[in-house]
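See below for the structure under consideration.
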There are 2 protein chains.
Amino acid sequence: MKDLPHKTIERLSQYRRALLLCLDKGKTHIYSHEIAKIQHITAVQVRRDLMLIGYTGTLRKGYNVKELIDLIGHIIDSEEGINVAIVGMGNLGRALINYFAGKRSKLKIVAGFDINPDKIGNIMSGVPCFSLDEMPEVIAARNIKVGIMTVPADFASDTANALVKAGIKGILNYTPKPVNVPKEVYLEEYDMITTLEKVAFYVKMQEEEES
Amino acid sequence: MKDLPHKTIERLSQYRRALLLCLDKGKTHIYSHEIAKIQHITAVQVRRDLMLIGYTGTLRKGYNVKELIDLIGHIIDSEEGINVAIVGMGNLGRALINYFAGKRSKLKIVAGFDINPDKIGNIMSGVPCFSLDEMPEVIAARNIKVGIMTVPADFASDTANALVKAGIKGILNYTPKPVNVPKEVYLEEYDMITTLEKVAFYVKMQEEEES
DNA sequence: GAAATTTTGTTAATATTTTAACATTGTTAA
DNA sequence: TTAACAATGTTAAAATATTAACAAAATTTC
Ligand SMILES: NC(=O)c1ccc[n+]([C@@H]2O[C@H](COP(=O)([O-])OP(=O)(O)OC[C@H]3O[C@@H](n4cnc5c(N)ncnc54)[C@H](O)[C@@H]3O)[C@@H](O)[C@H]2O)c1
Ligand SMILES: NC(=O)c1ccc[n+]([C@@H]2O[C@H](COP(=O)([O-])OP(=O)(O)OC[C@H]3O[C@@H](n4cnc5c(N)ncnc54)[C@H](O)[C@@H]3O)[C@@H](O)[C@H]2O)c1
């Protein structure tokens, strides 16, 4: 499973989300082309991904929704679950905590950190907010493995360093400023502006094509 | 320029962001390996991307920061700029508006839409909030081309339909529910959970490797 | 002033990802 | 019963994306 393509990992997560919705609707089986339709990809790709994880559907009946959800969970989730911390309890930080609050999942946001004394000590949607000083202890004590960064861009690099020092293993950086971490820390960066600019680019292209 | 690789488009947007920071610091030239370092990619890739857009640096001096920013702008920006609307002025919607407020860019969020009467009529960080009924007129009148969706997941599909009907050309969907749009509308979907699950997966993998 | 160095630009090779092709096999229907 | 169909699973091919290799040229060093 170690060498599943990166893209397949992402899609498995998405398949599961779609499958959970199907389960809620009472669907017990699903065809590859149904999953594909939802995700805007081809049925071949779905079947190929499922082949890679060794799941076999029933010919002419499709895939068993429940089984597949479980299998994907076995592959991408860590058995004991993974605890997550969020640094920067501002607009985006709070929005994310809020968003995750309802979801039952192997991923739990168990701590927040902020520099603002007014926020420290508060509990937001069930997540307690700590001071930066407390970071090393809290991260160790709560067995936190992943950190989400939603601090102002100017503090991006400091925050990344602090997280690394505290022993975090993976970082998701929502700051528009790329950071550097040791290679043993898995880093994912996402900037909303890039995505928006990409959409705008293709819209522009289509317009130019038409004219 | 039409056939630039998708990945190159994304990177150009990111290069520009990095270059703008350099400009602020008073840097006039930059080497490919410096850009690469910031973006966690290789210098070859940077040079190749720049080759694709036909930009030529100065041997041994690197690239002219200002020129490159301008060129990237010419390629990915639309000359007149593109107006953007955001549907769903909740936590995430407001966070996004806030985030964009400061940035000078060819992309402007010029309208928000919500179903909540308490929000309609308000102005948030300079963006006026309209009712859903007003969507067709507002989108036409303000020449809005791109829509960002930050409504509750259950309304994702309705919102996409409404945006398409109102004549939008590109959609960026932050809802965890994939939507369907006609093929002439460019659609990009982003779910934060996918990214977080991916980070968690690689953290898990690394741990298993170590043990 | 020649050699070494550094950096760009480009072509070629490699790696990854997606798509196509098709064999296989239950199921439906004539 | 058998032909047509609709689905999966897999191998092969094509398309995309990244990396390596190296020539060319400006700069520095000896
Ligand atoms: N709001 C968005 O939609 C959005 C989108 C993309 C990216 N971002 C980025 O996410 C980050 C946060 O955005 P926001 O809108 O939530 O900003 P915000 O100002 O609302 O929140 C920032 C929070 O970080 C805290 N903080 C400041 N310095 C800190 C430090 N050194 N350590 C810990 N906490 C610290 C502040 O007290 C505040 O609570 C920014 O870098 C922004 O560019 C935001
Ligand atoms: N908060 C996050 O960090 C986060 C992250 C990823 C995805 N999301 C997704 O983004 C969406 C919004 O999240 P949020 O935290 O901002 O939720 P929210 O409840 O704070 O905001 C939703 C807003 O949409 C409005 N709304 C409801 N129905 C509408 C309709 N039919 N048309 C227009 N507006 C409508 C509500 O009045 C509210 O203002 C959700 O789908 C959520 O799953 C949120």
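Keep in mind that this is a model prediction, so the values were computed, not measured. Just the heavy atoms: all of them, side chains too, but no hydrogens, waters or symmetry mates, feed the values below. Proteins come first, then strands; the chains are lettered A, B, ... in the order of their sequence lines, and each starts at number 1.
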* To do: Would you indicate which nucleotide in C:dT18, D:dA26, C:dT11 comes nearest to any side-chain atom of B:Arg48?
  =>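 Looking only at side-chain atoms, B:Arg48 lies closest to C:dT11.
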
* Asked: Counting side-chain heavy atoms from C-beta on, which of C:dT17, D:dT19, D:dA17 comes nearest to B:Lys7?
  ->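 Looking only at heavy atoms from C-beta outward on B:Lys7, the closest nucleotide is D:dA17.
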
Check the distance between [N]'s [atom2] and [X]'s [atom1] and give it to me in whole angstrom.
X	N	atom1	atom2	result
A:Asp49	D:dT8	CG	P	14 Å
B:Asn64	C:dT7	CG	C1'	16 Å
B:Leu52	C:dG9	CG	C1'	11 Å
B:Leu4	D:dA17	CG	P	11 Å
B:Tyr55	C:dT10	OH	C1'	18 Å
A:Ile9	C:dT17	CD1	C1'	14 Å
B:Leu59	C:dT8	CG	C1'	5 Å
B:Leu50	C:dT10	CG	P	11 Å

* A:Thr8 near the nucleic acid: base, sugar-phosphate alone, or nothing, with a heavy-atom cut-off under 4.0 Å? ->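 No contact at all - A:Thr8 keeps every heavy atom at 4.0 Å or more from the nucleic acid.
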
* Counting heavy atoms not belonging to B:His40, are there more than 12 under 6.0 Å from its NE2? ->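 Enclosed.
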
* Give a yes or no on whether A:Glu79 atom CD has more than 12 heavy-atom contacts from other residues, nucleotides or ligands under 6.0 Å away. =>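 No, not enclosed.
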
* Interface residues of residues 186-204 of chain B with DNA chain D (non-hydrogen, below 4.0 angstrom) ->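 Correct list: empty, so none.
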
* Kindly say whether, by distance alone, the side chain of B:Arg47 makes a donor-acceptor pair under 3.5 Å with the base of C:dT7? =>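 Per atom types, no contact qualifies.
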
* Asked: Quantified as the angle between the terminal helix axes (five pairs each), what is the overall bend of the helix from C:dG1-D:dC30 to C:dA30-D:dT1 to 10 degrees?
  ->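 Axis-to-axis angle, ends of the helix: 10°.
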
* Is B:Asp77 salt-bridged to B:Arg16, cutoff N-O under 4.0 Å? ->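 A salt bridge is present here (some side-chain N lies under 4.0 Å from a carboxylate O).
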
* Would you call B:Lys145-A:Glu207 a salt bridge at under 4.0 Å N-O? ->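 Yes, charged N to carboxylate O under 4.0 Å.
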
Quick one: is [X] getting a side-chain N or O under 4.0 Å of the [N] phosphate, OP1 or OP2?
X	N	answer
B:Thr58	D:dA26	no
B:Arg11	D:dT18	yes
B:Tyr31	C:dG9	no

Do [X] and [Y] make a side-chain contact, defined as non-hydrogen atoms from C-beta onward lying under 4.5 Å apart?
X	Y	result
B:Ile168	B:Val146	no
A:Leu50	A:Leu71	no
A:Val84	A:Val110	no
A:Thr195	A:Tyr190	yes
B:His6	A:Lys198	yes

* In terms of the nearest nucleotide of DNA chain C, which residue is placed more toward the 5' end: B:Arg60 or B:Ala43? ->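 Mapping each residue to its closest nucleotide by heavy atoms, the 5'-most match is B:Arg60.
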
* To do: Provide the full list of salt bridge (Lys or Arg N to Asp or Glu O under 4.0 Å) pairs with a residue in residues 45-61 of chain B, sequence neighbours left out, each pair given once.
  =>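 Pairs touching residues 45-61 of chain B that pass the test: B:Arg11-B:Asp49.
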
